[in-house]
> 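The structure under discussion is supplied below as structure tokens; questions concerning it will follow.
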Amino acid sequence: MDIATLQAYGYFFLTAFLVVVLYGYIYHLYSAEKKGTRDYEKYGNIALHDDISDQPIEEISKTDEIKK
Amino acid sequence: MFHWLEKNPFFFAVAVFVVIAFAGLIEILPNFAQASRPVIGTKPYTTLELAGRHVYIKNSCNACHSQLVRPFKSETDRYGHYSLSGEYAYDRPFLWGSKRTGPDLMRVGNYRTTDWHENHMKDPAAVVPGSIMPAYGWMFKNKADVDTAYAEQVTVNKVFKTPYNAELPMADGSKVKVALADSVEAARASALEEAKVIAADMKDQDVKDAVAKGEIPEIVALIAYLNSLK
Amino acid sequence: MENRPLEYDYTVAKMFMLTTVVLGIVGMLVGVILAWELAFPAVNTIAGSGLAEYTNFSRLRPLHTDAVIFGFTVSGIFATWYYVGQRVLKVSMAESKFLMALGKLHFVLYILLVASVVGSLLLGITTSKEYAEFEWPIDIAVVVVWVIWGMQIFGLIGIRREKSLYISIWYYIATFLGVAMLYLFNNMEVPTYFVSGGIGAWYHSVSMYSGTNDALVQWWYGHNAVAFGFTVPIVAMIYYFLPKESGQAVYSYKLSLLAFWGLMFVYLWAGGHHLLFSTVPDWMQTMGSVFSVVLILPSWGSAINMLLTMKGEWQQVASSPLIKFMILASTFYMFSTLEGPIQAIKSVNALAHFTDWIVGHVHDGVLGWVAFMIMAALFHMAPRVFKREIYSKSLMNTQFWIQTLGVVLYFTSMWIAGITQGMMWRAHDEFGNLAYSFIDTVTVLHPYYTIRAVGGTLYLVGMFLFAYNMYKTMTSGRRVEESELQSASPMGA
Amino acid sequence: MNKTVLAAIVVVIAMLGFTYVAVGSAGGMGGEGDWVNKLAVLGAVVLVIVTAFVVTKYVRQMQSDTAGGQLADENWDGIGEYKNELPFGWAVIFLGSIVWAMWYFLAGYPVNAYSQIGEYNDEVKAHDTKFEAQFAKMDDATLNAMGESVFIVQCAPCHGLQADGMDGKAANLHERIAEKSVKHIVMNGANNFKTDYAGGMPPMLLQDPAQVDAVAKYVASGFKADDAAGKAAYAAGTCNTCHGENGEGMPSVAPKINGWEAGMVATVLKDGKKGAIGAMPAFTNLTAVQTKALGAYVSSLSKK
């Protein structure tokens, strides 16, 4: 198997993989919102409420720090 | 499954990198060895030609002149045979350009000569009425940097195995050898020999005097380079 | 509530705002000189024939492109980063002495870099690769400056309060990574001085790649320098400044996310369209065409998202020149991201490549989209950074219309010039021979070159108005209270 | 109709008009224009129309729409959120562009079959067939006209549009040879036309400067019968033994020097030449028909 064939296979599988991931991501965006586990649209407010005294939209909590 | 990516800058950066590096891997890496194989008749630049190439680069001639003949009838009628990949094997960097404010120069050595270039560089509108190209008077005074050209020859010979001092097959079946000087002094001497041939066809007395004195004005090197484009 | 500093620290942002304005004027001034040189070649010796070497078209041309890309645009990116970064991460630079010092160092090194670039390009020290003209010592300095910026980004993210990264931050991260990768690979070069044992100029180098390979790497870089210099970071800006200035939330955050990944994946393939009908393999050219066209979607995704954010808000567009700038920027973004793909289709490219249509395309993107957005960003930042009202709203309006007229004159004249020239190059007469000699195709462009020069000059005039307005805002705008700075920027008459 | 739509239409019409005028003046559009040209212009047209109307659509939404859609549950400081889906048109174009990409990839420029060099060869073949048939037989006037058109593109860049050599920077083709050139050749000899005149001409056949001047004037001014000194010098230099009494030349020995003829032009194009003015390269990429036509045109110049 020469290098060109390897590259062709590499190209095909990597593209297929990325496409699957992208569509998986789209599915995730919608399903997460439907199930109510996450509301993506609220992140738009990060820009609107950006004063230093504003409450973060999603704060880094102490529990997260511990998990890390 | 995906949300952790949006909160985790490290993995997010990795993901972005994978996605953007992907196209480069596929598009650029293949054909690398293949595309740099020279076609028959291509030879490395001599010291003076390379010094001329540096003058060409120094003045960004490539901002207005391409060196790429595309395979269209209208282009091959105007400029000659379409470009082949292997013809550029010794071009570091490539000088294809991206804009033709002036004509293509890939094969200008086939249809212009020393005296024309001399007139043209001195006052473009005198030979091409209506030309918008500026004059390049300082090239008749500034001296070409032969040393750097020689340093580049040594470098490409050492690092990229550019075949100096080797028999190279030409299109007509003959063999040609482009010599690489042993020392910078020898390189200066051989460049001067080349320069004398060019200067003999030129009219500018100052240039002729300079070459007689052993100096090489930029214009002489540039013309050597332009004449080598075939 | 944990203890927080009183406010964001904009010291570094201010410094880069200054260079944005100054280098913008420098870059565009050089551009205007170039435009007049093409229309009237006598301008080449404007400073006398003794200095012609430094004022002629070919020597100035790389200076123009690099001043606008690495001077104006990159300054704008840095300036907005040092503003937006803090705010959407809800962390002040004052909270980290290290980041503050690093930021100042970043600016100082950047200035030194700019000075050395200007000097070396004027002297003709260049590698000839477009937008990568710098020789190896400057390349190393570029890498250092860029890495410092990366440390800033990730440093600030490391101490953030907001858990999720706002979409603008995504785009800034992508800018950092994209440019880093592209710049490194394209500038691989071997210094000849060291290999040859100390002969010739010490700064000279020779490219690692030759001929077709070099072209491939260069345009993979060249096109994506546009992606990661002129598109990605500018999208980062509009995703922050338009919602913020108008007080409207982004129309669809989901669309933003999809457009982001789409752009990341598709953009890098498109570089091949600079090499259509060249000596790179046919399949790669086809790939370049296909992905260029598919690229319309992620680009338009962001642009439409921004226009829809203003849905039902016409009174804001009509009354605020600042929002006008951003809406027009979105529009030009849509225009040039549709124009580019059309030029990337092989049969169109056969006509358009090497002509002024390409120059026109670049400029409707850069003048209409990039520069408009950066100026809008600076206008928005000014009252918040200087705590003063924008000096004059009517001056902003004047600037807006002058510059819009300038861009329109620019791209229409170049569009027509390009198609005319492309047609004349390929025209055959009734005998089957070429119909025009090359010089015919040059002289016919004179009127278009003149119109372009006028358009460019108008734009430059607008830049001066911009600089004046910013200066007056800094020095004599009315002082404003924090409460006035919620959404729409306060402006004087 | 609202103002924005009107403005969009005006811009579109103006752009189309400009493009049409520009393209028309470049002579590419009419019957001569091939489909590629048309596609390019069509692309430009599509570009303006699509952008103008899409932008107009959104501007109108900004103007007249009231913000709507389902409000999200959250509410921050009075700023609501709309749960909007991807715009429908965008999604449709997205699918459309994927279909187009497939077509381009598989049928338009098939990755496994398309080759630009193959396309070039076809183009050249079609071009040659068309014009070979058309110009198989030509009268002198057509040949001359064709020669002029080739001259303007291929020769005028050096010899000038008027073929006058632009102040001595190239040969003036209204005369066969200039005095300066004759002198140069007499002094230095000549061996330019290696293919047709392999022997070349030796230098220094005349050594007396007065005689060199005389012969130069005699040859350059067209062998005037009353120029006795010139005639004598011409004979003294034994010029006549090769170039003939009146410079009519001798096949394979010496070229004709009393005027241009098609054969001589072909010889110059084949080998190029180098003389007092400078060097002219060989023009080997011209076709036989083009060479012949140039010969006819250049010959006609010196006859006037």
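Note on naming: letters A, B, ... go to the chains in the order of the sequence lines (proteins, then strands), and numbering restarts at 1 for each one.
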> Kindly say whether D/Pro281 contributes a backbone atom to a donor-acceptor pair with the side chain of B/Thr113 at under 3.5 angstrom?
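Side chain of B/Thr113 to backbone of D/Pro281, a donor-acceptor pair under 3.5 Å: no, none is there.
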> Just so I understand: if I count every heavy-atom pair under 4.5 Å between each of B/Gly109, B/Pro129, B/Pro71 and chain D, which residue has the most?
B/Pro71
> Between chain B and each of D/Met280, D/Glu123, D/Lys274, count heavy-atom pairs under 4.5 Å; write down the option with the most.
D/Glu123
> Distance check, rounded to the nearest 0.5 Å: B/Asn119 atom CG versus D/Ile277 atom CD1?
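With rounding to 0.5 Å, CG (B/Asn119) is 10.5 Å from CD1 (D/Ile277).
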> Between D/Ala282 and chain B, with a heavy-atom cut-off of 4.5 Å, which part of the residue counts as in contact: side chain, backbone, both or neither?
backbone
> Might you point out which heavy atoms bring B/Arg112 and D/Pro157 nearest each other, and give the distance in Å?
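Reported closest heavy-atom pair: NH2-CB, 3.1 Å.
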> Counting only heavy atoms from other residues, nucleotides and ligands, does the tally under 6.0 Å from NZ of B/Lys143 exceed 12?
yes
> Does any heavy atom of chain B fall under 4.5 Å from the side chain of D/Gln290, the backbone, both, or neither of them?
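For D/Gln290, neither part sits under 4.5 Å from chain B.
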> Is chain B contacted by the side chain of D/Asp122, its backbone, both, or neither, given a heavy-atom distance below 4.5 Å?
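For D/Asp122, no heavy atom lies under 4.5 Å from chain B.
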> Contact part of B/Asn110 toward chain D, heavy-atom cut-off under 4.5 Å: side chain, backbone, both or neither?
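For B/Asn110, the backbone is the part near chain D, not the side chain.
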> Using heavy-atom distances under 4.5 Å, tell me whether D/Val153 contacts chain B through its side chain, its backbone, both, or neither.
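For D/Val153, the contact with chain B is made by the side chain alone.
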> Output the distance between atom CG (B/Asp77) and atom CG (D/Asn285), rounded to the nearest 0.5 Å.
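One gets 8.0 Å once the value is rounded to the nearest 0.5 Å.
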> Quick check: D/Tyr120 with B/Phe72 (ring centres under 6.0 Å apart)?
no
> Please state whether the side chain, the backbone, both or neither of B/Arg70 comes within less than 4.5 Å of a heavy atom of chain D.
neither
> Quick check on D/Lys169: does its NZ atom have over 12 non-hydrogen neighbours (other residues, nucleotides or ligands) under 6.0 Å away?
yes
> Find the one option among B/His120, B/Lys203, B/His81 whose heavy-atom pairs under 4.5 Å with chain D are most numerous.
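Most pairs with chain D among the choices: B/Lys203.
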> Are the side chain of B/Lys73 and the backbone of D/Asp128 linked by a donor-acceptor contact shorter than 3.5 Å?
no
